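Before any comments, here is the structure.
Quick caveat, the model's predicted, so the values are computed rather than measured.
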Amino acid sequence: NTPERMTMNTLAGDVATFIREQGLRRVTLVGHGVGGYLAQRIALKFPDVVSRLVLISSTGKPQNDKSCVFDPLFRSIHDPVPPAFVRAFYENQLHTPVPEAFLEGLVSESLKTPASVWQAAWISFFQANHEAHLSRIWQPTLLMCGDQDDSFSASDQAHLACHLPKATLTRHVNSGHAVHWEHPQQ
């Protein structure tokens, strides 16, 4: 968790190394938001370790109206990371409320991460753009998105699906950016 290690390429390499060191051949990668973007990067750089992708509310091009609003906020945080910032970040992803204990757990765990790591990971994501390379992701890909996601809109999700050769797009009703938190039974 050092800032210099928080680049999309370094993180992708770390995950690929972990998969190989665990003796796994090819895995299904599941990623949400920035994690979905990282899963795409892994599939592009290390296709031999990925059999399938599940991308929850992800994108191939991070820069949009919403991320441009978040960018200066992430760049300006400092230690200690304010709990209100972390809570607002997670609450902003929701359309349907989640249990308070679950939300508190997310906030509590996230507060263990230094501001410099939040910033480095965000900047690497925000500045990245591998949209032009999405057609090289040959693995079957399930795209899950909420119909109320204002982080990556329905058109963002459809655009991503059009660029992934083996993509299936599913939209979940009354869900925001965090489909898997809001409606885990789906």
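- In this structure, the separation between CE on Met8 and CD1 on Ile123 is 11.5 Å, given to the nearest 0.5 Å.
- Partners of Ser108 according to the side-chain contact (heavy atoms from CB on, under 4.5 Å) rule, which considers only residues two or more places apart in sequence or in another chain, do not exist here.
- Scanning all heavy atoms of the two residues, the minimum distance from Leu160 to Gly60 falls at CD1-N, 3.8 Å.
- Residues Ala167 and Leu143 share a closest heavy-atom pair of CB-CD1, 4.2 Å.
- You'll find the ring centres of His32 and His180 inside the 6.0 Å limit.
- Every side-chain contact (heavy atoms from CB on, under 4.5 Å) that His163 has, sequence neighbours left out, goes to Leu134, His159.
- Rounded to the nearest 0.5 angstrom, Leu38 CG and Asn9 CG are separated by 9.5 Å.
- By the criterion of side-chain heavy atoms lying less than 4.5 angstrom apart, applied directly or through intervening Ile, Leu, Val, Met, Phe, Trp or Tyr residues, Leu94 is not grouped with Val173; the two fall into different hydrophobic clusters.
- In this view, Leu44 and His130, His133, Arg136, Ile137 satisfy the side-chain contact (heavy atoms from CB on, under 4.5 Å) rule, not counting sequence neighbours.
- Between Gln139 and Pro47 the shortest heavy-atom distance is NE2-O, 3.4 Å.
- A donor-acceptor pair under 3.5 Å is formed between the side chain of Glu182 and the backbone N or O of His95.
- Of all heavy-atom pairs spanning Thr7 and Ser124, the tightest one is CA-OG, 3.2 Å.
- Identified under the ring pair (Phe, Tyr, Trp, His ring centres under 6.0 Å) test for residues 135-156, with sequence neighbours left out: Phe152-His177.
- Minimum interatomic distance between Ser135 and Pro165 (heavy atoms only, all atoms of both residues): O-CG, 3.3 Å.
- Residues Ser67 and Asn64 have side chains in contact (heavy-atom distance under 4.5 Å, counting atoms from C-beta outward).
- Contacts of Ser57 classified as side-chain hydrogen bond (donor to acceptor under 3.5 Å, both in side chains), with partners at least two apart in sequence or in another chain: Asp149.
- Separating the CG atom in Leu53 from the OG atom in Ser58 is a distance of 9.5 Å, to the nearest 0.5 Å.
- By the side-chain hydrogen bond (donor to acceptor under 3.5 Å, both in side chains) test, Gln127 pairs with no residue at all, sequence neighbours left out.
- For Phe18, the CZ atom sits in a loose shell: 12 or fewer heavy atoms of surrounding residues, nucleotides or ligands are nearer than 6.0 Å.
- Between Ile19 and Phe46, the closest side-chain pair of non-hydrogen atoms is not below 4.5 Å.
- Scanning for side-chain hydrogen bond (donor to acceptor under 3.5 Å, both in side chains) contacts around Lys66 gives Asn92, Asp150, with sequence neighbours left out.
- Counting only residues at least two apart or on different chains, the salt bridge (Lys or Arg N to Asp or Glu O under 4.0 Å) pairs with a member in residues 68-84 are Asp71-Arg75.
- Note: Phe70 and Phe126 fail the aromatic proximity criterion, with ring centroids not under 6.0 Å apart.
- For the pair Phe89 and Trp118, the minimum side-chain heavy-atom distance is below 4.5 Å.
- Other residues sharing a hydrophobic cluster with Met144 under the 4.5 Å side-chain heavy-atom criterion for ILVMFWY residues are Val30, Val54, Ile56, Leu142, Val179.
- With sequence neighbours excluded, no residue forms a side-chain hydrogen bond (donor to acceptor under 3.5 Å, both in side chains) with Gln22.
- Pairs engaging residues 13-39 under the salt bridge (Lys or Arg N to Asp or Glu O under 4.0 Å) rule: Arg5-Asp14, Arg20-Asp48 [sequence neighbours left out].
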Step by step, would you call Arg171 with Cys145 a side-chain contact (heavy atoms from CB on, under 4.5 Å)?
CA-CA 5 Å; Arg171 286 197 177 89; Cys145 68; 3.5 Å; yes
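- Evaluation of the side-chain contact (heavy atoms from CB on, under 4.5 Å) rule for Val107 yields Val86, Arg87, Tyr90, Leu111 as partners, not counting sequence neighbours.
- The distance from the NE2 atom of His183 to the CG atom of Asn174 is 6.0 Å, given to the nearest 0.5 Å.
- Rounding to the nearest 0.5 Å gives a distance of 10.0 Å between OG1 of Thr10 and CZ of Arg41.
- Going from atom CG of Leu11 over to atom CZ of Phe125 covers 12.5 Å, rounded to the nearest 0.5 Å.
- Contact check for Leu55 versus Leu164: side-chain heavy atoms found under the 4.5 Å cut-off.
- Considering all non-hydrogen atoms of both residues, Tyr37 and Thr59 come closest at CD1-O, 3.2 Å.
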